[in-house]
Amino acid sequence: MPLQHQINVGLRGGRVASRRDFLRNVGAAATTAGVLSWTDRVALAASDLRRRGKRCILLWMAGGPSQFETFSPKPDHENGGATKAIGTSVSGIQIAENLPRIAQAMGDIAIIRSMASKEGSHPRASFLMHHGYLPMGGVKFPTLGANVAHQIGDASSELPSFVRIGRGGQNPGNGGFLGVDYDPLILANADRPPENSRPATDRARYQRRLGLLKNLETSFGAVEGTDVVADHRKLIEASSEMILSPKMEAFDLDLEDQRTRDEYGQGQFASGCLLARRLLDFGVTFVEVTLNGWDTHDENAQRTADLCGQFDQPMAALINDLKRTGQLNDTLVIWMGEFGRTPRINARAGRDHYPRAFNVALAGCGVRGGQVIGQTSRGGEQVTDRPVSPKDLYQTIYTALGIDPDHENMSLVGRPIRLVDDGSPVTELLG
């Protein structure tokens, strides 16, 4: 029997210990002996990954951005509409004229033009692209940010490992069966600190109040059951550690110099991107920044151009900022929405839902920029080369972050669930 199967569980004081704990104990000897599989070596490296500070920023385009007016222009076909294509800093790669600043940063960006899915409804498609799974009754899947925080987040940090900025669209998800520890801290406005994040009293009095609350909860739990108050206690303790921490200045964009703010530009999404970079500086592992409004069933060209104007400068500035400060090597930036838009322009000058061929863009964390993966037919109706499924994308994301895609979490009903249950990494993307 392969060693990998023999070491799935171990015993600690009569209890079943985690596979990772067991691996940590036997790892040095086994590695020296050269008998561990690749996935086991990844598991062993988890603590190293935390020290190395792998991080991820998801730029979520809620509503389904048109591929024709962003990263897959078709200027020589009627399906392409009036949007022109422009050259980029990489010879041979063109993108829509709506993205001039991203065009200059193309050397660090990889485009997948051959994403293909079957999900054309917002709730199901958004769930799929946020979780790597479709909704399934009885299973509360953790969202991508929760899984990343669970795998490589710093549990000792006073700040949460997972922060979501802006409304996440439909079905963005939370910690799921991983629990409230991995729910995102949600910020509605990037220019303001989290609500109720300043103690109403001085520190000493606040801590006395926490002690009183703990006593009350202990008494309540003794009667009603400790599990009843456990999640509430976790939230109170995590929130208290956060608001009493000097790291709360991470949320204060006023501490950024004006030159940096000007580089990112104006607007909520621009502030969200700058705040995301700032949160990474203070130890947050996963930040999701949402730009809503991509459901362009009417006036697609103009609305998409306006939306591109909101993310073009901030996304380019974010990548340049991370690169300039040496953080891009350990930070994965993902740009994606739930699906694309129809090749044919409808009677209202809009484009409808289209999951059969759409785009994702990636940068950093070992992703080889300056390349395009896959292609579509001349009119953009179908993928003609290198189809990439959402499962393939998730395999790629976890691999880039140094996370074992085959890692199994245990659901609330005792069912082992892999981070990704199908697909293969897009190896051409990984340096």
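Predicted model only: the values in this text are computed from it and were never measured.
- A donor-acceptor contact shorter than 3.5 Å is absent between the side chain of Arg113 and the backbone of Val372.
- We find the CD-CG distance between Gln268 and Leu187 to be 10.0 Å, quoted to the nearest 0.5 Å.
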Run Arg101 and Glu263 through salt bridge (charged side-chain N to carboxylate O under 4.0 Å, His left out) and show every step you take. CA-CA 11 Å; Arg101 298 198 184 230; Glu263 286 178 352; over 6 Å; no
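- The main-chain N or O of Lys84 is found under 3.5 Å from a side-chain atom of Glu97 such that the two form a donor-acceptor pair.
- The SG atom of Cys308 sits 8.0 Å away from the CZ atom of Phe71 when rounded to the nearest 0.5 Å.
- Donor-acceptor pairing under 3.5 Å is lacking for the side chains of Tyr182 and Asn174.
- Annotation: side chain of Pro73 is not in contact with side chain of Gln67 (no heavy-atom distance under 4.5 Å).
- Distance check: Leu185 CG to Leu159 CG gives 9.0 Å after rounding to the nearest 0.5 Å.
- Relative to the six-membered ring of Phe68, Arg351 meets both conditions, a distance below 6.0 Å and an angle of at most 45° to the axis.
- Leu307 and Gly293 make their closest contact through CD1-O, 3.2 Å (heavy atoms, listed as atom of the first residue, atom of the second, distance).
- Across all their heavy atoms, Gln395 and Gly423 have their closest contact at NE2-O, 3.3 Å.
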CA sep, side-chain torsions, deciding dist, call: Lys323, Asp108, salt bridge (charged side-chain N to carboxylate O under 4.0 Å, His left out): CA-CA 9 Å; Lys323 185 176 183 179; Asp108 295 309; 3.2 Å; yes
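- Judged purely by distance below 3.5 Å, without hydrogens or angles, the side chains of Ser126 and Asn171 never pair a donor atom with an acceptor atom.
- The main-chain N or O of Gly350 is never found under 3.5 Å from a side-chain atom of His297 such that the two would form a donor-acceptor pair.
- Judged as a side-chain contact (heavy atoms from CB on, under 4.5 Å), and not counting sequence neighbours, the contacts of Met410 are Pro416.
- Considering every non-hydrogen atom in both Asp154 and Thr285, the closest pair reads N-OG1, 3.9 Å.
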For Gln302 and Asp306: C-alpha separation, side-chain torsions, deciding distance, then whether side chain to side chain donor-acceptor pair (under 3.5 Å) applies. CA-CA 6 Å; Gln302 184 57 53; Asp306 291 344; 2.9 Å; yes
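- Side chain of Thr296 to main chain of Arg303: no donor-acceptor pair is present (N/O by atom type, distance under 3.5 Å, no hydrogens or angles).
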Please lay out, stage by stage, how Leu429 and Ile112 fare under the test side chain to side chain contact (heavy atoms under 4.5 Å, CB included). CA-CA 9 Å; Leu429 283 169; Ile112 304 175; 3.8 Å; yes
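- Under a cut-off of 6.0 angstrom, the local environment of CZ in Arg418 is crowded, with over 12 non-hydrogen atoms contributed by other residues, nucleotides or ligands.
- In this structure, Leu253 and Leu274 approach most closely via the heavy-atom pair CD2-CG, 3.9 Å.
- Inter-residue side-chain proximity for Phe127 and Glu338 is flagged as unmet; no heavy-atom pair is nearer than 4.5 Å.
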For the pair Thr331 and Gln327, evaluate side chain to side chain donor-acceptor pair (under 3.5 Å) and give the outcome as yes or no after the intermediate values. CA-CA 6 Å; Thr331 305; Gln327 300 178 78; 5.3 Å; no
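- Rounded to the nearest 0.5 Å, atoms OG1 (Thr399) and OH (Tyr394) are 13.5 Å apart.
- To the nearest 0.5 Å, the span separating CE on Met106 from OG on Ser91 amounts to 13.0 Å.
- Ile397 places a side-chain heavy atom less than 4.5 Å from the side chain of Ile334.
- At a threshold of 4.5 Å between non-hydrogen side-chain atoms, the residues Phe251 and Phe282 do not count as touching.
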List the steps and the verdict of salt bridge (charged side-chain N to carboxylate O under 4.0 Å, His left out) for Asp281 and Arg55. CA-CA 10 Å; Asp281 290 346; Arg55 304 88 53 87; 5.3 Å; no
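- Across all non-hydrogen atoms, the minimal contact from Asp312 to Ile102 is OD1-N, 2.8 Å.
- No donor-acceptor distance shorter than 3.5 angstrom exists from the side chain of Ser157 to the backbone of Gly283, with no hydrogens or angles considered.
- For the residue pair Ala250 and Leu275, the shortest heavy atom distance occurs at O-CD1, 3.5 Å.
- Between Arg164 and Pro172 the shortest side-chain heavy-atom distance falls below 4.5 Å.
- Here the side chain of Asp183 pairs a donor or acceptor atom with the backbone of Gly175 at under 3.5 angstrom.
- The shortest distance between side-chain heavy atoms of Leu291 and Met61 falls below 4.5 Å.
- Checking side-chain atoms of Ser89 against main-chain N and O of Gln104 turns up a donor-acceptor pair under 3.5 Å.
- Between Phe162 and Phe286, the ring planes lie perpendicular to each other; the angle is over 60°, past the 30° to 60° tilted range.
- Between Arg278 and Glu256 a salt bridge is recorded (basic side-chain N to carboxylate O distance below 4.0 Å).
- Between the side chains of Glu288 and His130, at least one donor N or O lies within less than 3.5 Å of an accepting N or O.
- Taking a 6.0 Å sphere around CZ of Arg324, one finds it holds more than 12 heavy atoms contributed by other residues, nucleotides or ligands.
- In the model, Lys74 has no side-chain atom that pairs as donor or acceptor with a side-chain atom of Thr83 under 3.5 Å.
- Taking the side chain as every heavy atom from C-beta outward, Met336 and Met129 approach each other to under 4.5 Å.
- Relative to the ring axis of Tyr133, Lys391 places its NZ or CZ within 45° and under 6.0 Å from the centre.
- In this structure, Phe141 has its ring center no closer than 6.0 Å to that of His131.
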Walk me through it: do Glu69 and Ser66 pass the test side chain to side chain donor-acceptor pair (under 3.5 Å)? CA-CA 6 Å; Glu69 282 75 29; Ser66 168; 2.4 Å; yes
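- Asn346 and Asp352 share a donor-acceptor pair across their side chains, judged by distance under 3.5 Å alone.
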List the steps and the verdict of side chain to side chain contact (heavy atoms under 4.5 Å, CB included) for Asp295 and His122. CA-CA 9 Å; Asp295 198 16; His122 290 294; 3.1 Å; yes
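- In this structure, CG on Asn79 lies 9.0 Å from OG1 on Thr342, to the nearest 0.5 angstrom.
- Contact annotation: the side chain of Leu419 approaches that of Gln151 to within less than 4.5 Å [non-hydrogen atoms, C-beta and beyond].
- Judged purely by distance below 3.5 Å, without hydrogens or angles, the side chains of Ser424 and Asp392 never pair a donor atom with an acceptor atom.
- More than 12 heavy-atom neighbours from other residues, nucleotides or ligands sit within 6.0 angstrom of CD on Glu428.
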One pair to check against side chain to side chain contact (heavy atoms under 4.5 Å, CB included): Arg356 and Val383. What are the steps and the verdict? CA-CA 7 Å; Arg356 291 170 54 187; Val383 172; over 6 Å; no
Pair Leu144-Tyr398, side chain to side chain contact (heavy atoms under 4.5 Å, CB included): steps then yes or no: CA-CA 9 Å; Leu144 173 63; Tyr398 286 129; 3.7 Å; yes
